[in-house]
Amino acid sequence: MKDILQAFNLKQPYCNISTGQKDWVGTSGKTATIHSPVDNAVIGSIALADVESYDAVVAKANEAFPIWKALPAPQRGEIVRQFGDALRKEKENLGKLVSYEMGKSLQEGYGEVQEMIDICDFAVGLSRQLYGLQMHSERPNHRMFEQWHPLGTVGIISAFNFPVAVWAWNAALSWVCGNVCIWKPSEKTPFSALACQEIFKTVLKANDLPEGISNAIIGDSDIGRRMAADQNIALVSATGSTRMGKSVAETVGKRLGKSILELGGNNAIIVTEEADLNAAVPAIVFGAVGTAGQRCTSTRRLIVHKNQYQDLLAKLTSAYKQLQIGNPLDEKNHVGPLIDTNAVNAYLKTIEEAQKQGGKLAYGNEVLAGDAYTSGCYVAPTIIEANIDMPIVKHETFAPILYIFAYESFEEAIAIQNNVPQGLSSAVFTLNMQQAEKFLSNAGSDCGIANVNIGTSGAEIGGAFGGEKETGGGRESGSDSWKAYMRRQTCTVNYGKDAPLAQGIVFNL
Ligand code: UN1
């Protein structure tokens with residue numbers, strides 16, 4: 001890993017403001033030591049930002065904004081294209097670093113970098129498509145239209161589970177829209193974030209553009225709170241827990257700033273009597289155990305028709321037995337560690353509580369021990385037979401725990417699916433077209449993402465990503481999500497000789 005850190009120019013301890021380097025990264029002089037959940041080895045120490053250095057970074061970003069926004073959008077797109085190309089070259093190193101620092105499987109680490117590359121491609125095209133509409137004016141010789149302008153400095157708060165991709169969804173769109181960015185990555189995965197910054201800095205330097213277009217602040221939640229309260233930050237895009245999102249929404253709302261919130265999920269898959277179980281089983285297993293159950297889109301609940309229940313449970317249990325758990329950099333392993341021992345404790349507590357509430361353990365409930373698991377963060381993916389009266393099934397625990405329920409009518413299945421506070425992702429497995437369409441209708445799933453014969457996780461970047469209810473209502477990534485990163489201006493031009501008023505009002509002098 002040392003080679004990779006060196007390849008990204010990440011010296012130890014990374015970034016020291018007293019030596020005057022890297023003024024796009026805030027630091028207080030305090031450092032934190034980052035351990036990998038893979039083997040508990042020290043990856044490095046990292047300088048933490050304090051509030052003064054936060055202010056210095058904001059000033060740097062604000063300075064860069066007029067230069068960046070003055071470039072035509074397609075030229076900004078060209079810079080993002082170069083970033084995408086640089087990521088293609090760095091995919092292997094960056095994917096490995098993400099996998100080692102966060103603990104997700106190497107394939108998923110590469111997958112994350114691929115998502116970054118894809119969103120860059122998307123943003124390059126978008127840079128020529130920031131369209132406004134034109135309307136017919138009610139007045140003669142008048143033209144009315146709308147156009148979109150950059151917002152200013154965008155704050156991006158991202159979570160440990162996607163150390164790089166979620167930032168890229170926000171940053172690539174922000175940049176082509178003409179904004180500059182300040183990124184507060186999770187303090188659990190700072191090196192992946194700083195590697196991304198280094199890659200983008202190289203592109204900026206080659207194009208003689210100011211570094212302040214892209215900034216990073218590594219620090220605790222005080223920095224996030226400061227960002228939310230700061231009038232300088234036109235938009236705060238925050239990914240993380242519902243608790244964090246509520247606090248960001250309240251603080252940003254008080255100053256009438258803009259926010260995009262991508263918060264907790266409690267995603268379900270409905271498996272009907274007419275589902276093809278051969279297609280359903282791999283999707284369920286990947287959804288539930290992929291990223292060790294630490295995606296906001298992870299499958300947490302399985303709602304199964306009573307006639308399929310025993311068969312599916314047996315198939316799942318046998319699939320779980322075949323899962324290889326271990327070092328995520330070893331490609332034979334499907335499941336890596338949880339992020340830290342706090343997450344392991346949350347896993348154990350949740351299973352214990354679920355059993356107290358009447359859940360029946362069908363598989364798992366084990367912290368793995370032995371030479372391959374020295375970090376103490378590896379757990380067995382777990383299946384619990386549950387019922388809808390158990391309060392715990394309404395909570396999101398970031399761990400590979402799957403609750404399974406039996407249902408009788410399809411309406412009941414939809415009601416169970418919707419009966420949680422979160423509303424991110426959902427799926428139905430069925431070959432019955434009426435059920436599939438019902439699930440997608442307004443009497444169906446209440447989530448931001450609704451899939452048919454596809455699992456809940458692994459959304460493509462081309463669609464708008466986000467969810468309803470306690471998931472926060474924000475949309476990121478594809479479709480027209482870009483509109484949240486710009487301000488809309490409605491313009492009316494009078495090219496006649498008279499000055500008629502709207503609504504037919506006559507105002508003669
Ligand atoms: C997240 O977990 O915050 O749909 C994002 C997915 C990924 C993104 C997840 N493309 O699973």
Side-chain angles (χ1 to χ4, degrees), residues 95 98-99 101-105 107-122 156-173 183-186 188-189 192-193 237-245 248 260-269 282-300 334-336 338-339 343 396-400 402 422-427 445 447-452 454-468 470-479 481:
V98 166
S99 169
E101 191 175 30
M102 186 275 160
K104 61 175 65 179
S105 76
Q107 276 201 58
E108 291 181 55
Y110 292 149
E112 238 200 281
V113 183
Q114 189 58 48
E115 262 193 81
M116 302 173 78
I117 295 169
D118 294 342
I119 197 71
C120 285
D121 286 352
F122 181 91
I156 302 167
I157 299 174
S158 67
F160 76 85
N161 64 336
F162 273 79
V164 292
V166 172
W167 164 74
W169 297 350
N170 283 280
L173 258 55
W183 181 12
K184 185 202 168 301
S186 164
K188 293 175 184 169
T189 53
S192 303
S237 178
T239 303
S241 68
T242 296
R243 195 170 51 89
M244 176 278 291
V248 168
I260 298 175
L261 301 173
E262 205 269 277
L263 313 174
N266 191 348
N267 317 295
I269 295 181
I284 296 164
V285 178
F286 179 73
V289 314
T291 331
Q294 298 171 105
R295 290 192 191 204
C296 57
T297 51
S298 290
T299 308
R300 312 213 176 275
H334 303 101
V335 184
L338 288 171
I339 186 70
E396 177 191 47
T397 304
F398 248 40
L402 181 67
Q422 309 84 351
L424 179 56
S425 186
S426 60
S445 162
C447 292
I449 296 170
N451 294 334
V452 175
I454 291 180
T456 57
S457 66
E460 298 177 22
I461 60 98
F465 183 89
E468 302 304 325
E470 285 197 355
T471 304
R475 292 297 184 276
E476 295 173 347
S477 186
S479 184
S481 306

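In listed order, ligands and their atoms are each counted from 1. Values in this document were obtained by computation on a predicted structure and should not be read as measured data.
The side chain of Glu262, and not its backbone, has at least one atom closer than 4.0 Å to an atom of ligand 1 (non-hydrogen atoms only; side chain from C-beta on). Of the heavy atoms in Asn161, only side-chain atoms (C-beta onward) come closer than 4.0 Å to ligand 1. Proximity of Trp169 to ligand 1, defined as any heavy-atom pair under 4.0 Å, is confined to the side chain (atoms from C-beta onward).
Here the protein heavy atom with the shortest distance to atom 6 (C) of ligand 1 is Gly458 N, 3.2 Å. From the protein, the heavy atom lying nearest to atom 4 (O) of ligand 1 is Ala459 N, 2.7 Å. Nearest non-hydrogen protein atom to atom 9 (C) of ligand 1 is Phe162 CE1, 3.6 Å.
Taking every heavy atom of Arg295 and a limit of under 4.0 angstrom, the matching atoms of ligand 1 come to 2 (O), 6 (C), 7 (C), 11 (O). Against a heavy-atom cut-off of under 4.0 Å, Glu115 is close to the following atoms of ligand 1: 7 (C), 10 (N).
Taking the charged nitrogens against the carboxylate oxygens, Arg243 and Glu470 have no contact shorter than 4.0 Å, which rules out a salt bridge.
Here the side chains of Ile449 and Thr456 are not in contact, with every heavy-atom distance at 4.5 Å or above. In this structure, Arg300 and Phe398 have side chains that are in contact, with non-hydrogen atoms separated by less than 4.5 Å. Counting heavy atoms from C-beta on, the side chains of Ser158 and Pro185 come closer than 4.5 Å. In this structure, Phe465 and Cys296 have side chains that are in contact, with non-hydrogen atoms separated by less than 4.5 Å.
Atom 5 (C) of ligand 1 has its nearest heavy-atom neighbour, among Ser457, Gly111, Cys296, in Cys296.
Closest approach of Ile157 to Val248, counting heavy atoms only: CD1-CG2, 4.4 Å. Between Ala165 and Glu112, the shortest heavy-atom distance links the atoms N-OE2, 2.7 Å.
Checked by distance only, ligand 1 and Thr297 come closer than 3.5 Å through their nitrogen or oxygen atoms.
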